[in-house]
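All remarks here apply to the structure that follows.
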Amino acid sequence: QEAQKKGWRSRAVFKLDEVQNRDKILRPGMTVVDLGAAPGSWSQVAGQLVGDDGILIASDILPMDTLPDVTFIQGDFLEAEVFDAIMAEVGDRQVDVVLSDMAPNTAGNSAIDQPRMMYLCELAVDFALSTLPEGGALIMKVFQGQGTQELRKQMQQDFSKIRSIKPGASR
């Protein structure tokens, strides 16, 4: 309700806002790719933060209403056509930040939901590793549970710094 009162698309905006206030990862002029972007609240915040000199490319398998200064590409970023469309929008720039607020459709059963979530996290990490230069950042939602520690260990091999944050806006 608070998010709607303030004109945001969902309460997820408060999670990214809290991370940004703490770590100042997103800055004007950056190139950002937002995976699993619909309904678009992270794109709303990130688009404002990168400003007119930055680029924000949002992608999701679900449709998303347009946002000012955000390029939306509907489809599965694992498909070559969608990945190529994202990279065509990036152009000659480098991707500075990959955002992922992806989550599976939950069944209410952690034995089903957790492996689905870990799979989405692995996909986001793979995308980040294929697009980010050294020093780039990945901000990703993770459901804590089975597989989390293994994912963290794997990421420690590929990223220089890893931080877990549980924003107050999380459930």
Side chain proximity check, L49 to Q20, heavy atoms < 4.5 angstrom: yes

Pairs involving residues 23-32, ordered by first then second residue, that meet side chain to side chain donor-acceptor pair (under 3.5 Å) (sequence neighbours left out): D23-R163, T31-R93

Evaluation steps, side-chain contact (heavy atoms from CB on, under 4.5 Å), between L99 and L16: CA-CA 9 Å; L99 301 174; L16 182 60; 4.3 Å; yes

Minimum-distance pair of heavy atoms, taken over all atoms of M64 and P39: CG-O, 3.4 Å

Donor-acceptor side-chain pairing of S43 and D34 below 3.5 angstrom: yes

Which residues share a side-chain hydrogen bond (donor to acceptor under 3.5 Å, both in side chains) with S164, sequence neighbours left out: R152

Residues that Q154 engages under side chain to side chain contact (heavy atoms under 4.5 Å, CB included), provided they are two or more places apart: Q157, D158

D52 atom CG, over 12 foreign heavy atoms within 6.0 Å: no

Least distance between heavy atoms, L56 atom then A46 atom: CD1-CB, 3.2 Å

For the student: nearest non-hydrogen atoms of D60 and A38, plus distance: OD2-N, 2.9 Å

With N109 via side chain to side chain contact (heavy atoms under 4.5 Å, CB included) - residues at least two apart: A111, I112

Verdict with reasoning, M155 to M140, per side-chain contact (heavy atoms from CB on, under 4.5 Å): CA-CA 12 Å; M155 290 177 69; M140 167 176 75; 3.9 Å; yes

Would you tabulate the side-chain donor-acceptor contacts of residues 117-131 under 3.5 Å, counting partners in other chains and residues two or more places apart, or write 'none'?
| unit_1 | atom_1 | unit_2 | atom_2 | d |
| --- | --- | --- | --- | --- |
| S130 | OG | D126 | O | 3.4 |
| S130 | OG | F127 | O | 2.9 |
| T131 | OG1 | F127 | O | 2.9 |

Closest contact, heavy atoms only, L132 versus V95: CD2-O, 3.5 Å

All pairs passing salt bridge (charged side-chain N to carboxylate O under 4.0 Å, His left out) where residues 128-143 contributes a residue, at least two apart: D101-K141

Same apolar cluster (I L V M F W Y, side chains within < 4.5 Å links), V97/W42: yes

Contacts table for residues 69-83: side-chain donor-acceptor under 3.5 angstrom, sequence neighbours left out:
| unit_1 | atom_1 | unit_2 | atom_2 | d |
| --- | --- | --- | --- | --- |
| Q74 | NE2 | I61 | O | 3.2 |
| D76 | OD1 | L78 | N | 2.9 |

Inter- and intrachain pairs under ring pair (Phe, Tyr, Trp, His ring centres under 6.0 Å), touching residues 94-117, at least two apart: none

Non-hydrogen side-chain atoms of I86 and S59 separated by less than 4.5 Å: yes

Close side-chain approach of V98 and L35, heavy atoms under 4.5 Å: yes

Smallest separation among heavy atoms of M30 and D96, with atom names: CA-OD2, 3.3 Å

Derivation and outcome, side-chain contact (heavy atoms from CB on, under 4.5 Å), residues F143 and T106: CA-CA 11 Å; F143 292 170; T106 56; 4.2 Å; yes

Side-chain heavy-atom pair L26, V32 within 4.5 angstrom cut-off: yes

Hydrophobic cluster identity match, L138 and V142, side-chain contacts under 4.5 Å: yes

Any side-chain heavy-atom pair of Q114 and T148 under 4.5 Å: yes

